[in-house]
Amino acid sequence: MSGTIRERTEAWEAEYLSPYAQLSAKSRGRLRPEEPCPVRTCYQRDRDRIIHLCRAFRRLAHKTQVFFSPREDHLRTRLSHTLEVAQIARTIAKALRLNEELTEAIALAHDVGHTPFGHCGEEALDVAYRAHDPDAHFHHAEHSLRVVDVLERSGQGLNLTHEVREGILAHPKALRSPSEYLSEGPAPSLEAQVVRVADQIAYLNHDLDDCLRTGVLREEDLPEEVLQILGRRHSQRVGRMVLDVIEHSLDSPRLAMSEEVAHASKVLMHFMDERVYHSPLLEDERRKVRGVVQQLFDFYMSSDEALRQVVGEPPGDQKLRARLVCDYVAGMTDRFAHAQYVRHFLPSGFPSFDV
Ligand code: MG
């Protein structure tokens with residue numbers, strides 16, 4: 001057999017994968033052209049870069065999923081969420097004969113732009129950033145793309161392929177149930193659509209599981225129709241949703257779900273939104289998060305010395321400075337943001353041993 005191992009893999013993809021799959025050999029390429037790897041396809045290489053080179057990926061271990069800075073070791077973090085999304089997305093992609101490595105690369109990178117303190121931190125950062133630059137805004141999906149394109153490797157970026165970058169940007173602008181997302185229309189590639197659905201299946205189920213395990217919710221609180229349709233155990237619910245998407249999307253150019261499972265997932269989504277994501281019980285914590293993010297942002301905007309210590313010489317232009325501060329605060333983990341707040345806003349006593 002002739003050709004490199006990569007060329008053989010590309011030939012196998014052309015023969016075996018679905019006509020709706022994105023073939024590695026048909027990639028639109030990278031921002032800066034590079035010599036192909038003799039062994040790995042371009043998407044395998046992207047996946048490996050995210051795992052080995054992306055510092056923002058490693059920081060996901062200390063970023064909130066739902067519970068802020070959890071002290072309980074078994075609760076999901078952004079990193080375990082990302083791994084669950086990648087696992088679900090690969091299962092669906094493989095069953096539909098889509099490009100598994102492209103799917104995995106998108107899934108692993110989809111949340112690298114997340115702020116500390118989850119969606120609450122994201123909203124607070126958006127407000128703080130706009131206050132210093134009225135033309136600016138912050139959204140985690142756009143920031144994930146900025147991380148891989150610009151911020152990683154000291155400003156060089158990871159130089160990922162067009163299809164992975166497009167898939168990162170395509171993930172949802174707001175919380176949606178899988179069925180609500182599916183009715184929104186197609187994302188750029190089927191692989192990107194798979195990651196979006198997998199993201200929703202993952203967070204809906206693992207957030208529910210975390211709430212049940214910590215006693216925030218009890219099983220008897222859940223809508224009975226959700227339990228009847230999706231199942232009474234976490235693994236049953238995930239399995240039912242994944243299998244349903246696969247069965248209704250085989251040999252099709254778009255993803256779909258049955259009406260019954262779509263309905264149950266929508267009911268569960270609205271239940272979680274009311275009881276957890278926007279619950280008044282968490283309002284006090286959200287108020288504190290808004291305060292921390294806002295004050296840290298304002299502090300780095302006003303203190304040349306503090307900014308110089310962490311990112312170098314501050315630019316004179318206020319918009320450029322706000323962009324820099326936004327990138328810095330967005331990159332913080334929950335515990336790092338917490339430590340910076342303590343350091344800059346709470347008296348440490350004198351003489352101080354922990355400057
Ligand atoms: Mg996600």
Side-chain angles (χ1 to χ4, degrees), residues 46-47 50-51 54 56-68 70 75-93 102-123 125-126 138-148 160 164-182 184 187-211 234 237-238 241-242 245 255 265 268-269 272-273 276-278 289 330-334:
D46 282 1
R47 181 222 24 221
I50 295 156
I51 291 176
C54 186
F57 176 75
R58 299 200 282 275
R59 291 198 301 271
L60 294 177
H62 300 287
K63 293 200 180 198
T64 288
Q65 178 56 33
V66 167
F67 298 95
F68 302 132
L75 289 173
R76 268 75 171 189
T77 64
R78 244 336 123 183
L79 183 61
S80 57
H81 159 73
T82 295
L83 297 177
E84 290 183 43
V85 173
Q87 182 275 316
I88 290 172
R90 285 179 59 186
T91 298
I92 298 174
L102 169 59
T103 310
E104 187 182 13
I106 297 170
L108 291 176
H110 86 281
D111 269 352
V112 294
H114 252 294
T115 59
F117 309 122
H119 286 284
C120 183
E122 177 177 12
E123 285 164 22
L125 188 59
D126 183 52
F138 181 89
H139 185 275
H140 78 269
E142 292 167 7
H143 196 67
S144 292
L145 188 61
R146 182 171 166 78
V147 167
V148 299
L160 303 180
V164 173
R165 298 173 57 243
E166 195 174 50
I168 292 171
L169 196 56
H171 98 271
K173 296 263 178 205
L175 290 172
R176 296 260 193 287
S177 72
S179 56
E180 284 170 317
Y181 155 65
L182 287 174
E184 258 178 23
S189 63
L190 260 186
E191 285 83 356
Q193 289 185 51
V194 166
V195 174
R196 289 173 67 161
V197 169
D199 188 15
Q200 289 142 336
I201 293 175
Y203 80 67
L204 205 46
N205 284 294
H206 64 48
D207 290 351
L208 172 61
D209 188 48
D210 279 351
C211 288
H234 172 69
R237 291 188 283 266
V238 176
M241 289 166 94
V242 168
V245 171
L255 300 186
S265 60
L268 178 57
M269 176 71 208
M272 289 296 287
D273 197 32
V276 182
Y277 304 135
H278 290 106
V289 165
M332 291 181 179
T333 59
D334 290 17

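Source: prediction; values computed, not measured. Start at 1 and go down the list; that is how both ligands and their atoms are numbered.
Taking 2.8 Å as the criterion, H114 does not count as a coordinating residue of the Mg ion (ligand 1), since none of its N, O or S atoms falls below it.
When rounded to 10 degrees, the angle formed at the Mg ion (ligand 1) by NE2 (H110) and OD2 (D111) equals 90°.
Under the 6.0 Å cut-off for aromatic ring centres, H114 and H81 do not qualify, their centroids lying 6.0 Å or more apart. Less than 6.0 angstrom separates the ring centroid of H119 from the ring centroid of H140.
Looking only at its N/O/S atoms, D199 has OD1 as the one nearest to the Mg ion (ligand 1).
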Y203/M269 under side-chain contact (heavy atoms from CB on, under 4.5 Å): CA gap, chis, key distance, verdict
CA-CA 10 Å; Y203 80 67; M269 176 71 208; 3.8 Å; yes
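When atom types are taken as modelled, the side chain of T115 and the backbone of G118 share a donor-acceptor pair closer than 3.5 angstrom.
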